[in-house]
Number of protein chains: 2
Amino acid sequence: MADPLLTSAGYLLLKAGTHFHTLIDATLAELGLNGRQLLVLTFTGSEDDLSQQMLSVRLGLDPTIIVALVDELEDRGLVVRERDPDDRRRHRLRITAKGRKVHAAAVRAVATAEKEFLAPLDRGDREALRDALVTMMTPRLPWMSGGTD
Amino acid sequence: MADPLLTSAGYLLLKAGTHFHTLIDATLAELGLNGRQLLVLTFTGSEDDLSQQMLSVRLGLDPTIIVALVDELEDRGLVVRERDPDDRRRHRLRITAKGRKVHAAAVRAVATAEKEFLAPLDRGDREALRDALVTMMTPRLPWMSGGTD
DNA sequence: TATTGTTATACTCTATAACTATA
DNA sequence: TATAGTTATAGAGTATAACAATA
């Protein structure tokens, strides 16, 4: 059972990712959200007047997918679309007060789930893991240096 | 841009997982394989006379998905199905010599891709990352202690 | 002529249920 | 009656292309 592939850092990284994804989905489902919707709230909450195009770049999703995604959040009163007066093709997305409340609750829930997921690690291991992930992923998450994904 | 959620260990873990998944898919595509097929070769190569049911448990996939998965590998001569004489409902899956060659090449390719992916980390960080992943995931990968996934 | 947002369509993947052959 | 494998069908999710409004 000590197959080198199955105990490699890469494979374990894939497995950790999918397991955590499952956990987060279950956690957010209790709030009626999914991970994608939480990210929309996060980005609209931290960046003003985001267009749907910009959002699609942030999320790494096709712009056509953004439509239904924003539709539902707007129907639930968590974000609003406003025509950009400077370029009337664009929608400016804004989070609502209600959206901020839901976002805050979701962030707390995710933090709790993360704590549970990382529980097998001691404090030093947790910090080492996070440091390694930051080092590895920062150059690959272009919005941190101003771009995609 | 220093949004706490987007720089959390959990989110970066998800991102690392999907990025690595994309890299592995591209890497294996050059060999005409995908990650799932590589795992089938890995499990049939290390465990004798695996049934499709057992394989479905190992992979965490519905048994109905296994059919087409094994079909294609069998068509390409990488694994074979043999009726289990002790229970003629069962198929015993066996990797072929050709399958072992393809498997070995794929494992080498994945190792190279992993090295590239972890390149931003120094040796100590890489070991810390792998240790943390092993600690975190070993109790969650039941076949390591004899079960699912 | 190009771009934003939108809609419609086709394709892939998966889950569910039903079938067969064996037990 | 239950199980291993298989097949068929329906649903979710996605990508592609086409369209309207605006630039």
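Reminder, nothing fancy here: chain letters follow the sequence lines and each chain counts from 1.
- Counting any heavy atom pair closer than 4.0 Å across all strands shown, Ile65(B) reaches sugar-phosphate atoms only and no base atom.
- The 12-atom threshold is exceeded at CZ of Arg126(A), counting heavy atoms of other residues, nucleotides or ligands nearer than 6.0 Å.
- Identified under the ring-ring contact (aromatic ring centres under 6.0 Å, His included) test for residues 98-141 of chain B, with sequence neighbours left out: Phe20(B)-Phe117(B).
- Contacts between residues 85-95 of chain B and DNA chain D, defined by a heavy-atom separation under 4.0 Å, are made by Arg89(B), Arg90(B), His91(B).
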Tabulate atom names and distances for all N/O pairs under 3.5 angstrom spanning the protein and nucleotides 9-13 of chain D.
none

Could you go through the side chain to side chain contact (heavy atoms under 4.5 Å, CB included) check for Arg81(B) and Gln52(B) one step at a time? CA-CA 9 Å; Arg81(B) 276 187 252 238; Gln52(B) 293 187 191; 2.6 Å; yes
Run the side chain to side chain contact (heavy atoms under 4.5 Å, CB included) check on Leu12(A) and Leu141(B) step by step: do they pass? CA-CA 9 Å; Leu12(A) 293 174; Leu141(B) 296 177; 3.6 Å; yes
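- Near DNA chain C, meaning a heavy atom under 4.0 Å from it, residues 70-81 of chain B has no residue at all.
- Within the 4.0 angstrom heavy-atom criterion, base atoms lie near Thr64(A).
- The distance from atom CD1 of Ile66(B) to atom C1' of dT7(D) is 16 Å, rounded to the nearest whole Å.
- Between the side chain of Gln37(B) and the backbone N or O of Asn34(B), at least one donor-acceptor pair lies under 3.5 Å.
- A nucleotide of DNA chain C counts as in contact with chain B when one of its atoms lies under 4.0 Å from a heavy atom; the first and last such, 5' to 3', are dT14(C) to dA23(C).
- Residues passing the side chain to side chain donor-acceptor pair (under 3.5 Å) test with Arg92(A), sequence neighbours excluded: Asp84(A).
- With rounding to whole Å, Asp62(A) atom CG is found 14 Å from dA18(D) atom C1'.
- Remark: P of dA23(D) and CZ of Arg83(A) are 9 Å apart, rounded to the nearest angstrom.
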